[in-house]
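Take this structure first; my questions come after.
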Amino acid sequence: MAPQQEAKELAARPGPANWSKFGGWAEGPRQRANGFFRTEKVNGKWWLVDPEGFFSSPTALTACG
C-alpha cells in the first residue's frame, strides 16, 4: 500500500475515542510518561504502560527482555 493511501485510510479511521495514540486506556489512571512502553507495578499489580503514561493491554506482545 502506498504511504499516501495508508495515511488517508488511517485518518478516516482514528480508532476509539477513549484510547491513547498508542492504544492505552486514555480515560484510566495515568502514570509518568517517558516515551517508551514499560512495565510498572501500581498498587501491587503489574501493568504495561504506554509511552504517554496510560495503562495498556497488549494483544500481540510476544516477548519481553
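All residue numbers refer to positions in the sequence shown, counting from 1.
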What distance do Leu48 atom CG and Phe55 atom CZ have between them, rounded to the nearest 0.5 Å?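 Separation between the atoms: 10.5 Å.
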side-chain hydrogen bond (donor to acceptor under 3.5 Å, both in side chains): pairs with one or both residues in residues 8-20, sequence neighbours excluded: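 Checked against side-chain hydrogen bond (donor to acceptor under 3.5 Å, both in side chains) - neighbours excluded - the pairs reaching residues 8-20 are Gln5-Glu9, Ser20-Asp50.
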Phe54 side, atom CZ; Trp25 side, atom CH2 - distance, nearest 0.5 Å: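 Those atoms lie 11.0 Å apart.
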Show your reasoning for whether side-chain contact (heavy atoms from CB on, under 4.5 Å) applies to Lys41 and Trp46. CA-CA 4 Å; Lys41 195 171 190 176; Trp46 285 99; 3.8 Å; yes
Gly23 versus Ser56, closest heavy-atom pair with distance: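 Closest approach of Gly23 to Ser56: O-OG, 4.2 Å.
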Holding to side chain to side chain contact (heavy atoms under 4.5 Å, CB included), I want the full list of residues that pass it with Gln4, two or more places apart in sequence or in another chain.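 Here the qualifying residues are Ala2.
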Could you check whether the rings of Phe37 and Phe22 sit parallel, tilted or perpendicular, using 30° and 60° as the cut-offs?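 Answer is perpendicular, since the angle exceeds 60°.
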Holding to salt bridge (Lys or Arg N to Asp or Glu O under 4.0 Å), I want the full list of residues that pass it with Glu52, two or more places apart in sequence or in another chain.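 Expected list: none.
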With sequence neighbours excluded, give me every salt bridge (Lys or Arg N to Asp or Glu O under 4.0 Å) pair touching residues 17-33.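 Passing the test, one end in residues 17-33: no pairs.
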